[in-house]
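Start at 1 with the first residue, then count along the sequence.
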Amino acid sequence: MGRGTQNLILLLVGLSTAVMLAKGTYLNYVKPGLLPWLIAATVVLVGLGIGAIIRDLRHADPDAHGDDDGHGHGHRHQSWLAWLLLLPIAMVAFVVPPALDARGASPAPAVSAPQRRPFPPLPAGDSPNMSLPEVVMRAAADSTNSLQGRSITLTGFTVRRPEGVDLGRVVIVCCAADAQLARVHLTGPGLTAASARPEDTWLQVRGQIVPGSSHPQDGYVPTMTVTSVTPIDKPANTYAY
């Protein structure tokens, strides 16, 4: 592979990353908090690519044959192999895979009993909106039992299980490679409405977490008594953090 091809690939990697940042599709791969680092990496890649191309143009030897091996046998017939590297770069920028759903995320691994600790009070008001992963953590480890007796609102997608229907959310810590599925079992008057929805339907549900329903035998998945179910559009960013 000649230096010109190397420099062009470096530049295109940077430009492809810039396209993903501009379109917002980088959120299918990493959490929003990494945006400053992605911007910095894009600037470095594009800068290095442009700088290398300009340097080579300034110091180009008109009599040199970059694809020649010194024995009169060129390797231009192999150059197409190098150009094939541009295909996956273009695909990453312009062919965007969907965000992970319940089928693509790994189930939460078996964990030991979490250390119980006090959590901050729930937001004020009737049925405040809560993050599903936070509710799972509170149900398992909150020593103040802040969920007990409080009506809350959760947003997620339906996950069908042999024993019933869950409300799920894909959680990523850093990037899509570490994605895990957080779940809440659904029961109560609203279960019929939730069960009538197809798999992976986005819902906003209101209800209360059943005290003591988070236990190690079920992987610390709590149960929610649902009083109302509202179908919603799939959000632009489906991950929770």
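- Note on Val170: it does not cluster hydrophobically with Met130, by side-chain heavy-atom contacts below 4.5 Å among ILVMFWY residues.
- For the residue pair Ser151 and Arg206, the shortest heavy atom distance occurs at OG-CG, 3.6 Å.
- Taking NZ from Lys31 and OH from Tyr241, the interatomic distance works out to 8.5 Å, rounded to the nearest 0.5 Å.
- The hydrophobic cluster containing Met224 also contains Leu147, counting ILVMFWY residues as joined when their side-chain heavy atoms lie under 4.5 angstrom apart, directly or transitively.
- Here the straight-line distance linking atom CG of Leu34 with atom SG of Cys175 works out to 8.0 Å at 0.5 Å rounding.
- In terms of heavy atoms, Ala140 sits closest to Tyr220 at CB-CD2, 3.9 Å.
- Connection of Met137 to Val171 is not established within any shared hydrophobic cluster, with ILVMFWY side chains joined at heavy-atom distances below 4.5 Å, either directly or through further cluster members.
- Ile172 and Tyr239 make their closest contact through CD1-CD1, 3.8 Å (heavy atoms, listed as atom of the first residue, atom of the second, distance).
- Residues Pro198 and Thr158 approach most closely at O-OG1, 2.7 Å, considering heavy atoms.
- Between the CG atom in Leu15 and the CD1 atom in Ile50 there is a gap of 7.0 Å [rounded to 0.5 Å].
- Using a 4.5 Å heavy-atom threshold, the side chains of Pro222 and Val184 count as touching.
- Cluster annotation: Leu186 and Val210 are assigned to distinct hydrophobic clusters (Ile/Leu/Val/Met/Phe/Trp/Tyr, side-chain heavy-atom contacts under 4.5 Å, transitive).
- The 12-atom threshold is exceeded at CD of Glu163, counting heavy atoms of other residues, nucleotides or ligands nearer than 6.0 Å.
- Residues Leu38 and Val30 have side chains in contact (heavy-atom distance under 4.5 Å, counting atoms from C-beta outward).
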Checklist entry - Is there a side chain to side chain contact (heavy atoms under 4.5 Å, CB included) between Leu11 and Val46 once you walk through the steps? => result CA-CA 5 Å; Leu11 177 61; Val46 173; 4.0 Å; yes
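- Interatomic distance, CG of Leu21 versus OG1 of Thr42, reported as 4.5 Å (0.5 Å rounding).
- Inter-residue side-chain proximity for Trp202 and Pro231 is flagged as unmet; no heavy-atom pair is nearer than 4.5 Å.
- Scanning all heavy atoms of the two residues, the minimum distance from Leu167 to Leu132 falls at O-CD1, 3.6 Å.
- The two residues Pro189 and Val226 come nearest to each other via the heavy atoms CD-O, 3.1 Å.
- A donor-acceptor pair under 3.5 Å links the side-chain atoms of Ser213 to the main chain of Thr223, judged by distance alone.
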Checklist entry - For Ser127 and Ile152, what are the C-alpha separation, side-chain angles and deciding distance, and is it a side chain to side chain contact (heavy atoms under 4.5 Å, CB included)? => result CA-CA 4 Å; Ser127 303; Ile152 59 174; 5.9 Å; no
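- A distance of 8.0 Å separates CG of Leu10 from CD1 of Ile53, quoted to the nearest 0.5 Å.
- Within the 3.5 Å criterion, the main-chain N or O of Thr155 finds no donor-acceptor partner in the side chain of Gln204.
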Checklist entry - How far apart are the C-alpha atoms of Arg150 and Asn145, what are their side-chain angles, what is the distance that settles it, and do they pass the side chain to side chain contact (heavy atoms under 4.5 Å, CB included) test? => result CA-CA 10 Å; Arg150 287 292 304 272; Asn145 298 319; over 6 Å; no
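- Counting non-hydrogen atoms of neighbouring residues, nucleotides and ligands closer than 6.0 angstrom, the CZ atom of Arg197 reaches no more than 12 such neighbours.
- With no hydrogens or angles considered, a side-chain donor-acceptor pair links Ser146 and Arg138 at under 3.5 Å.
- For the atom pair CZ (Arg169) and OG (Ser131), the distance works out to 7.0 Å, reported to the nearest 0.5 Å.
- Judged by distance alone, the side chain of Asp142 and the main-chain N or O of Phe119 form a donor-acceptor pair under 3.5 Å.
- At least one side-chain heavy atom of Arg183 sits under 4.5 Å from a side-chain heavy atom of Arg161.
- Using a 4.5 Å cut-off on side-chain heavy atoms (C-beta onward), Val135 and Leu154 make contact.
- Side-chain contact between Pro235 and Thr238 is present, with heavy atoms from C-beta onward closer than 4.5 Å.
- Side-chain heavy atoms closer than 4.5 Å link hydrophobic residues (I, L, V, M, F, W, Y) into clusters, and following such links, possibly through other members, connects Leu27 to Tyr29.
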